[in-house]
Enquirer: 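After the structure tokens below, expect a handful of questions from me.
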There are 2 protein chains.
Amino acid sequence: MTSTDTPHSAAETADPNVDPTLESDVFARGCNSRMALQNATGRWGALALAALNEGPYRFSALRRRVDGVSERMLSQTLQTLERDGLVHREVLETIPPKVEYSLTELGADVAEKITALIELLESQVPKIVASQTEYDARRQ
Amino acid sequence: MTSTDTPHSAAETADPNVDPTLESDVFARGCNSRMALQNATGRWGALALAALNEGPYRFSALRRRVDGVSERMLSQTLQTLERDGLVHREVLETIPPKVEYSLTELGADVAEKITALIELLESQVPKIVASQTEYDARRQ
DNA sequence: CGGCATCCCTATTGATACTG
DNA sequence: CAGTATCAATAGGGATGCCG
């Protein structure tokens with residue numbers, strides 16, 4: 001693909017390398033679960049899920065919450081998560097139109113795990129930074 | 001950077017946008033915890049941690065376990081995880097030389113959360129695939 | 001407001017070859 | 001064995017403009 005922008009290219013199920021009889025080993029390349037993991041833990045996926053774990057968000061509010069995400073990336077991320085059944089998209093027929101995003105049951109379970117990971121990491125930032133500093137010093 | 005290969009560019013602490021007084025909000029762009037999250041949940045980071053959660057691995061064994069990872073990516077991933085203090089690297093002075101990778105205490109905590117997420121996703125693959133199929137059908 | 005399409009640049013990744 | 005160096009391919013992502 002040189003100039004064609006495929007929406008959720010990394011999320012495609014129609015991968016010829018996928019063996020349908022072997023569906024649940026993340027360590028196998030091209031496995032469905034590995035793709036789902038990527039979508040849920042990718043750069044923006046994890047943050048979107050963590051944000052939605054706080055409650056439903058409208059598009060622009062979510063964009064404000066997830067600092068640094070572009071319109072385009074947030075849109076793609078949400079589509080992928082919706083496709084995987086983690087996020088529910090509700091269009092409110094108002095003027096101007098509003099779209100509300102929320103977690104599905106499965107999405108809530110996933111978001112909970114991710115939030116746990118985030119909280120752990122946030123609490124350990126000092127230790128992590130110390131490790132980085134030491135590592136960098138060791139190699140000058 | 002057009003052709004210069006920076007080792008762990010995404011892991012740098014020396015980001016001018018990082019506010020050292022604000023260390024623990026993943027939602028803030030350039031935050032240390034967001035970077036740590038990226039390193040731990042990135043494409044290969046999560047799988048490497050999950051593999052090491054099964055026990056120590058030598059480089060090539062780990063490469064075999066994490067199907068599809070290139071030498072280069074595994075090397076970089078492990079360096080980043082070591083720098084963040086999640087992975088311990090032990091060089092055995094034998095002939096031929098062996099290097100064993102294992103989890104630190106912090107790494108074990110992180111790996112546990114990631115493994116929980118992976119197990120959840122693996123168990124829900126059927127539901128996820130069904131959702132994808134339905135989603136794709138809805139847009140033809 | 002929400003968000004898709006296009007253009008275009010850069011970071012990440014993979015293959016391959018080479019070294020301690 | 002355990003990597004590093006180099007080069008080429010690709011995916012990620014920002015900016016802009018348009019539409020329901």
Side-chain angles (χ1 to χ4, degrees), chain A residues 1-12 15 17 29-30 34-35 38-39 41-48 56-83 87 89-102 139, chain B residues 1-12 15 17 29-30 35 38-39 41-45 47-48 56-82 87 89-101 139:
Chain A
M1 257 162 274
T2 324
S3 60
T4 337
D5 259 337
T6 313
H8 29 250
S9 48
E12 289 307 347
D15 189 321
N17 299 319
R29 100 173 80 188
R34 185 188 276 196
M35 291 177 176
Q38 266 321 290
N39 297 334
T41 64
R43 180 157 180 204
W44 303 119
L47 294 174
Y57 270 94
R58 284 183 39 207
F59 188 83
S60 33
L62 192 54
R63 182 152 136 66
R64 257 171 274 125
R65 181 68 177 126
V66 181
D67 188 33
V69 70
S70 70
E71 210 179 61
R72 184 172 183 263
M73 282 302 103
L74 182 58
S75 176
Q76 281 189 20
T77 300
L78 290 170
Q79 278 183 43
T80 303
L81 293 177
E82 186 193 359
R83 195 176 100 103
V87 161
R89 180 172 181 272
E90 177 111 32
V91 180
L92 306 175
E93 300 290 357
T94 60
I95 298 176
K98 301 181 179 186
V99 180
E100 190 166 84
Y101 291 92
S102 56
R139 348 184 97 201
Chain B
M1 248 166 277
T2 324
S3 61
T4 334
D5 259 338
T6 312
H8 27 252
S9 47
E12 289 307 346
D15 189 321
N17 299 319
R29 97 172 80 187
M35 291 179 176
Q38 267 320 293
N39 297 334
T41 63
R43 181 159 182 202
W44 303 119
L47 294 175
Y57 270 94
R58 285 183 36 210
F59 188 83
S60 34
L62 192 53
R63 181 151 137 65
R64 259 172 272 124
R65 181 70 178 127
V66 181
D67 189 31
V69 70
S70 69
E71 251 172 84
R72 185 172 183 265
M73 281 304 101
L74 182 57
S75 176
Q76 282 190 19
T77 301
L78 289 170
Q79 279 182 42
T80 303
L81 293 176
E82 188 194 358
V87 162
R89 180 172 181 271
E90 177 108 35
V91 180
L92 306 175
E93 299 289 358
T94 60
I95 299 176
K98 300 179 180 188
V99 180
E100 192 166 83
Y101 291 92
R139 347 184 99 200

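The sequence lines fix the lettering, A, B, ..., with proteins before strands; numbering per chain opens at 1.
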Enquirer: Is the distance from OP1 or OP2 of D:dT4 to the nearest side-chain N or O of B:Ser75 less than 4.0 Å?
Expert: yes
Enquirer: Testing B:Asn39, B:Leu81, B:Leu78, B:Val66 one by one against B:Trp44 for a side chain to side chain contact (heavy atoms under 4.5 Å, CB included), which residue passes?
Expert: B:Val66
Enquirer: What pair of heavy atoms forms the shortest contact from A:Val69 to A:Arg63, and how long is it?
Expert: O-NH1, 2.5 Å
Enquirer: For D:dA2, take OP1 and OP2 only and decide whether either is under 4.0 Å from a side-chain N or O of B:Ser60.
Expert: yes
Enquirer: So, OP1 or OP2 of D:dG14: does either fall under 4.0 Å of a side-chain N or O from A:Trp44?
Expert: no
Enquirer: Write down the distance between CE (B:Met73) and C1' (D:dA11), rounded to a whole number of angstrom.
Expert: 13 Å
Enquirer: Would you list the protein and nucleotides 18-20 of chain C atom pairs, both N or O, that sit under 3.5 Å from each other?
Expert:
none

Enquirer: Is A:Tyr57 close enough to C:dC1 that one of its side-chain N or O atoms is under 4.0 Å from OP1 or OP2 there?
Expert: no
Enquirer: Send over the distance from A:Ile95 CD1 to D:dC19 C1', rounded to a whole Å.
Expert: 15 Å
Enquirer: Could you give the CD-to-C1' distance, from A:Glu82 to C:dC4, as a whole number of Å?
Expert: 15 Å
Enquirer: In whole Å, what is the span from the CD atom of B:Gln76 to the P atom of C:dG14?
Expert: 10 Å
Enquirer: CZ of B:Arg63 versus P of C:dA15: gap in Å, rounded?
Expert: 9 Å
Enquirer: Which atom names give the shortest non-hydrogen contact between A:Met35 and A:Gly30, and what distance separates them?
Expert: CE-O, 3.9 Å
Enquirer: For a quick test of reading the model, state the closest non-hydrogen atom pair linking A:Arg43 to B:Gln38 and the distance between them.
Expert: CA-NE2, 3.1 Å
Enquirer: To the nearest 0.5 Å, what is the distance between CZ (B:Arg139) and CD (A:Gln79)?
Expert: 5.0 Å
Enquirer: Hey, is the main chain of B:Glu71 close enough, under 3.5 Å, to the side chain of B:Ser75 for a donor-acceptor pair?
Expert: no
Enquirer: Considering all heavy atoms of both residues, which atom of B:Leu62 and which atom of B:Ala48 are nearest to each other, and what is their separation?
Expert: CD1-O, 4.5 Å
Enquirer: At under 4.0 Å, does any side-chain N or O of B:Arg43 touch on OP1 or OP2 of C:dA11?
Expert: no
Enquirer: Hey, does B:Asp67 have a side-chain heavy atom less than 4.5 Å from the side chain of A:Arg34?
Expert: yes
Enquirer: Do the side-chain N or O atoms of A:Arg58 get closer than 4.0 angstrom to the phosphate oxygens (OP1, OP2) of C:dC1?
Expert: no
Enquirer: What integer distance in Å separates B:Leu74:CG from C:dA15:C1'?
Expert: 16 Å
Enquirer: To the nearest angstrom, how far is B:Glu93 atom CD from D:dC1 atom C1'?
Expert: 13 Å
Enquirer: When you get a sec, tell me which of D:dG3, D:dC7, D:dG14 is the closest nucleotide to the side chain of B:Val99?
Expert: D:dG3
Enquirer: Does OP1 or OP2 of D:dT4 have a side-chain N or O of B:Gln79 closer than 4.0 Å?
Expert: yes
Enquirer: Can you find a side chain N or O atom of B:Arg72 that sits less than 4.0 Å from OP1 or OP2 on C:dA17?
Expert: no
Enquirer: Grab the CD-P distance between B:Glu100 and D:dC1 for me, whole Å please.
Expert: 15 Å
Enquirer: Determine the contact category for A:Gly68: base if any of its heavy atoms lies under 4.0 Å from a base atom, sugar-phosphate if only primed atoms, P, OP1 or OP2 are that close, otherwise nothing.
Expert: sugar-phosphate
